[in-house]
Amino acid sequence: MLDINLIRNQPELVKEGLRKRGEDPSIVDEVRELDAERRKLLHQVEQLRAERNRVSKRIPKIQDPQEREAKIQAMRELGERLKALEARLREVEDRLWERMAWIPNLPAPDVPVGEDESANVVVKQWGELPEFDFTPKPHWDLGPQIGIVDFERGVKMSGTRFFVLRGWGAKLQRALIQWMLDLHVEKHGYQELYPPFMVRERVIFASGQLPKFRDNLYHDAEEDYWWVPTAEVPLTAYHMDEILREEDLPLRYTAYTPCFRREKAAAGRDVRGMKRLHQFDKVEMYAYTTPEQSEAELQKMLRDAEETCQLLGLPYRVVQLCTGDLGFAARKTYDVEVWAAGVGEWLEVSSVSNVGDFQARRANIRYRPKEGGRPRYVHTLNGSGLGLPRVFIAIVENYQQPDGSIVVPQVLRPYMGVDVIPGSG
RNA sequence: GGAGGGAUGGCCGAGUGGACGAAGGCGGGGGACUUGAAAUCCCCUGUGGGCCUCGGGCCCACCGCGGGUUCGAAUCCCGCUCCCUCCGCCA
């Protein structure tokens, strides 16, 4: 949610931000009109209330019964007028907040301007692309061949975009989750949380998934439960409606959750293999900071994501998203993409974003400054650390050998118990 | 699924129609005392919004949420949500 004061006082700035994103800026005028209407009504309502309060306080002290009755009668009439005005005020306010909820965050000033992903900027590349003296197989061939992935039975049970991991495949995924969590906790300073995977609608709204991305979410038809599309959702809501202490910031959390997405917007895309699934696993990093800390925290979180790739020996590049490609809540985002030799593509395994106070407003998360004074909204940041299926793909494809066996990256060996995943069954 | 209890400020906890934005305590800030600290004592300390003759004053809202009754609601009524306890059921 944007600050209504910003929209009121600097509409051109807000419009410019929306234009850079490729959004229609006319919503700004719409909101400003509603806001003006709301303030006008609010003023009238408050004046009537003030009068009612003033007179009502005096009524019990009036001795003369006639005068008393006259005042009561007058207040009765005032009450009627007030009620009508209040109803109109409520209506305008509802419309105002409904509209506000659809406005995305504004891009940070240093985000490259561009229409879509073609304007994203590769800011860094790390590692050598692996070379093969044979043709490396894509995971959708190699996985079933050596019996670590079973797409057919996944589809049998649940349809397209579902899969089954078997044996070493299942263990590789489990090892990755465990190792990543340990890394973030022991080396990067995050605290591990295990949150609910189903949350209330209010929580989904707080992180900015609703109202705009309703189509991408699974939810219970009978009860108010929504399946999390990312751990970012429960990690945002963890401190919902709280006032934190500045001394405790930054607060860093990491969590493993499955993620559930309907992928309606990507219908028909990436249907082969495990690049895009209705259910996938992810380890997430999350931070709450002061406004002053958030840019440095963004850089730290990006380094943490990068280091995760480095330790796995996966070549990657860092892409800064342009204004047109930013997510709804983000003001600045870096994607980390690893090279997958079998499919011959860079695959996004992490997206690290500074959200500013956008989610904090929705979730009502503030902190009390050290020197005292009024609470301020925190800044929040989120980043994948990392998304599992694509890391799985890159490992399987980059570390494959001619006989179909897969060399296990050093850091995972203690978790796997073997150095090589055998090339048969 | 059944029965009951509850939701008040950063936290705990009083308050059953007007003097309650709300006692008391804790926490926080300032001061006195002290060589320093502790203890003790004194003072201050909710959030959001609006107005003004703006380092001060005034107004409005907020006691889970939404309605209602009333001149007037934290307090009465209705609906909802959430939390807790016990029983049952399932593990």
Side-chain angles (χ1 to χ4, degrees), chain A residues 1-10 31-98 100-101 195-206 210 219-226 234 237-249 251 288 290 357-378:
Chain A
M1 202 76 96
L2 294 183
D3 184 355
I4 184 69
N5 288 303
L6 188 68
I7 296 173
R8 188 147 63 216
N9 301 327
Q10 293 176 266
V31 163
R32 291 188 78 216
E33 276 166 35
L34 285 168
D35 178 51
E37 173 81 1
R38 170 180 161 265
R39 283 156 63 90
K40 201 183 87 198
L41 286 169
L42 186 63
H43 186 72
Q44 294 172 1
V45 162
E46 288 193 349
Q47 288 210 318
L48 285 183
R49 282 175 181 161
E51 189 186 344
R52 184 185 67 186
N53 290 349
R54 208 176 320 116
V55 175
S56 290
K57 204 172 277 184
R58 280 213 326 268
I59 284 179
K61 299 187 185 94
I62 297 175
Q63 301 298 324
D64 176 20
Q66 253 181 349
E67 187 190 341
R68 200 181 143 108
E69 192 45 50
K71 289 290 183 205
I72 288 176
Q73 185 56 37
M75 287 308 101
R76 213 172 269 157
E77 282 157 19
L78 184 146
E80 291 306 312
R81 268 190 296 150
L82 183 57
K83 198 175 285 183
L85 269 178
E86 282 173 335
R88 276 182 59 202
L89 176 61
R90 251 198 315 278
E91 206 178 293
V92 170
E93 279 186 338
D94 287 350
R95 284 222 309 278
L96 175 61
W97 302 134
E98 199 278 330
M100 292 270 292
F197 302 161
M198 295 150 79
V199 296
R200 301 194 174 119
E201 181 170 333
R202 158 99 206 276
V203 166
I204 294 272
F205 176 84
L210 283 179
H219 69 100
D220 188 294
E222 283 159 18
E223 296 185 77
D224 184 22
Y225 290 128
W226 296 69
Y238 186 63
H239 286 298
M240 190 165 71
D241 293 326
E242 292 183 22
I243 297 177
L244 307 171
R245 307 184 327 150
E246 180 172 359
E247 296 87 306
D248 297 331
L249 302 178
L251 281 170
Y288 298 77
T290 65
D357 62 9
F358 190 82
Q359 289 173 329
R361 284 179 192 283
R362 290 179 165 231
N364 187 29
I365 306 167
R366 294 166 295 170
Y367 72 96
R368 197 171 294 283
K370 256 189 252 153
E371 62 275 18
R374 308 165 68 197
R376 304 167 69 198
Y377 286 109
V378 297

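Letters A, B, ... are given to chains in the order of the sequence lines, protein chains preceding strands, and every chain is numbered from 1.
From A:Asn364, atom CG reaches atom CE of A:Met1 across 11.0 Å, with rounding to the nearest 0.5 Å. Here A:Trp226 contributes atom CH2 and A:Leu210 contributes atom CG; the two are 5.0 Å apart, rounded to the nearest 0.5 Å. In this structure, A:Asn53 CG and A:Leu48 CG are separated by 11.0 Å, a value rounded to the nearest 0.5 Å. The structure places CZ of A:Arg245 at 10.0 Å from CG of A:Leu251, a figure rounded to the nearest 0.5 Å. The CD1 atom of A:Ile4 sits 9.0 Å away from atom CG of A:Leu34, with the distance rounded to the nearest 0.5 Å. One finds the CG atom of A:Asp3 at 12.0 Å from the CZ atom of A:Phe358 (value rounded to the nearest 0.5 Å).
Nucleotides B:A22 and B:A61 have their C1' atoms positioned 15 Å apart, rounded to a whole Å. Spacing between B:G79 and B:G5 at atom P, rounded to whole Å, works out to 15 Å. Spacing between B:G29 and B:G17 at atom P, rounded to whole Å, works out to 40 Å. When the C1' atom is compared between B:C87 and B:C11, the two are found 34 Å apart, to the nearest whole Å. When the P atom is used for both B:C77 and B:C58, the distance is 36 Å, rounded to whole Å. Between the C1' atoms of B:C63 and B:A73, the separation comes to 11 Å (whole Å). Using atom C1' as the reference point in both B:C33 and B:U40, the two lie 9 Å apart (nearest Å). Only the C1' atoms considered, B:C26 is 30 Å distant from B:U81, to the nearest whole Å.
With a 3.5 Å ceiling on both atom-pair distances, B:A91 lacks any Watson-Crick or G-U wobble partner. Under the Watson-Crick or G-U wobble criterion, with both distances below 3.5 Å, B:U40 is paired with B:A32. Nucleotide B:C51 is matched to B:G57 when pairs are restricted to Watson-Crick or G-U wobble geometry with both distances under 3.5 angstrom. Within the shown strands, B:G64 is the pairing partner of B:C80 under the Watson-Crick or G-U definition, both distances less than 3.5 Å. With a 3.5 Å ceiling on both atom-pair distances, B:G9 lacks any Watson-Crick or G-U wobble partner. Across every strand in view, B:C86 sits in a pair with B:G2 that passes the Watson-Crick or G-U test at under 3.5 angstrom.
What separates CG of A:Asp3 from C1' of B:G48 is a distance of 13 Å, to the nearest Å. Summarising the geometry, the separation between CG on A:Leu89 and P on B:G48 is reported as 20 Å, rounded to the nearest angstrom. The distance between atom CZ of A:Arg49 and atom C1' of B:G21, rounded to the nearest whole Å, is 16 Å. Note: CE (A:Met240) to P (B:G64) measures 17 Å, nearest angstrom. Going from atom CD1 of A:Ile365 over to atom C1' of B:G48 covers 18 Å, rounded to whole Å. Straight-line distance from the NZ atom of A:Lys61 to the C1' atom of B:G18: 8 Å, rounded to whole Å. Between A:Tyr377 atom OH and B:U47 atom C1' there is a gap of 10 Å when expressed in whole angstrom units. Atoms CG (A:Leu82) and C1' (B:C59) sit 15 Å apart, rounded to a whole Å.
Counting only heavy atoms from C-beta outward, the side chains of A:Tyr288 and A:Tyr238 approach each other to under 4.5 Å.
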Under 3.5 Å donor-acceptor pairs involving side-chain atoms of residues 86-96 of chain A, not counting sequence neighbours:
unit_1  : atom_1 : unit_2  : atom_2 : d
A:Glu86 : OE2    : A:Arg49 : NE     : 3.1
A:Glu86 : OE2    : A:Arg49 : NH2    : 2.9
A:Arg88 : NH2    : A:Glu37 : OE2    : 3.4
A:Glu93 : OE2    : A:Arg38 : NE     : 3.1

Show me the donor-acceptor pairs, under 3.5 Å and distance only, between side chains in residues 64-71 of chain A and residues at least two apart or in other chains.
unit_1  : atom_1 : unit_2  : atom_2 : d
A:Asp64 : OD1    : A:Gln66 : N      : 3.2

Kindly list each side-chain donor-acceptor pair under 3.5 angstrom involving residues 196-205 of chain A, sequence neighbours excluded, with atom names and distances?
unit_1   : atom_1 : unit_2   : atom_2 : d
A:Arg202 : NH1    : A:Asp241 : OD2    : 3.1
A:Arg202 : NH2    : A:Asp241 : OD1    : 3.4

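Contact check, A:Arg366 against B:G48: a side-chain N or O comes under 4.0 Å of OP1 or OP2.
A donor-acceptor pair shorter than 3.5 Å can be found between the side chains of A:Arg76 and A:Gln73.
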Table of protein N/O atoms under 3.5 Å from nucleotides 68-74 of chain B N/O atoms:
unit_1 : atom_1 : unit_2  : atom_2 : d
B:U69  : OP2    : A:Lys83 : NZ     : 3.0
B:C71  : OP1    : A:Arg76 : NE     : 3.1
B:C71  : OP1    : A:Arg76 : NH2    : 2.4
B:C71  : OP2    : A:Arg76 : NE     : 3.3
B:C71  : O2'    : A:Ser56 : OG     : 2.8
B:G72  : O4'    : A:Ser56 : OG     : 3.4

Taking N or O atoms only and anything under 3.5 Å, show me the protein contacts with nucleotides 7-13 of chain B, one pair per line.
none

Collect all protein-nucleotide pairs involving nucleotides 49-56 of chain B in which both atoms are nitrogen or oxygen and the distance is under 3.5 Å.
unit_1 : atom_1 : unit_2   : atom_2 : d
B:G49  : OP2    : A:Arg374 : NH2    : 3.2
B:G49  : N2     : A:Glu46  : OE1    : 3.4
B:G50  : OP1    : A:Arg8   : NH2    : 3.3
B:G50  : OP1    : A:Arg39  : NH1    : 3.2

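Among the atoms of the strands shown, none is found under 4.0 Å from any heavy atom of A:Arg58.
With hydrogens and angles ignored, the 3.5 Å screen pairs a side-chain donor or acceptor of A:Asn9 with a backbone N or O of A:Asn5. Within the 3.5 Å criterion, the main-chain N or O of A:Arg8 finds a donor-acceptor partner in the side chain of A:Arg32.
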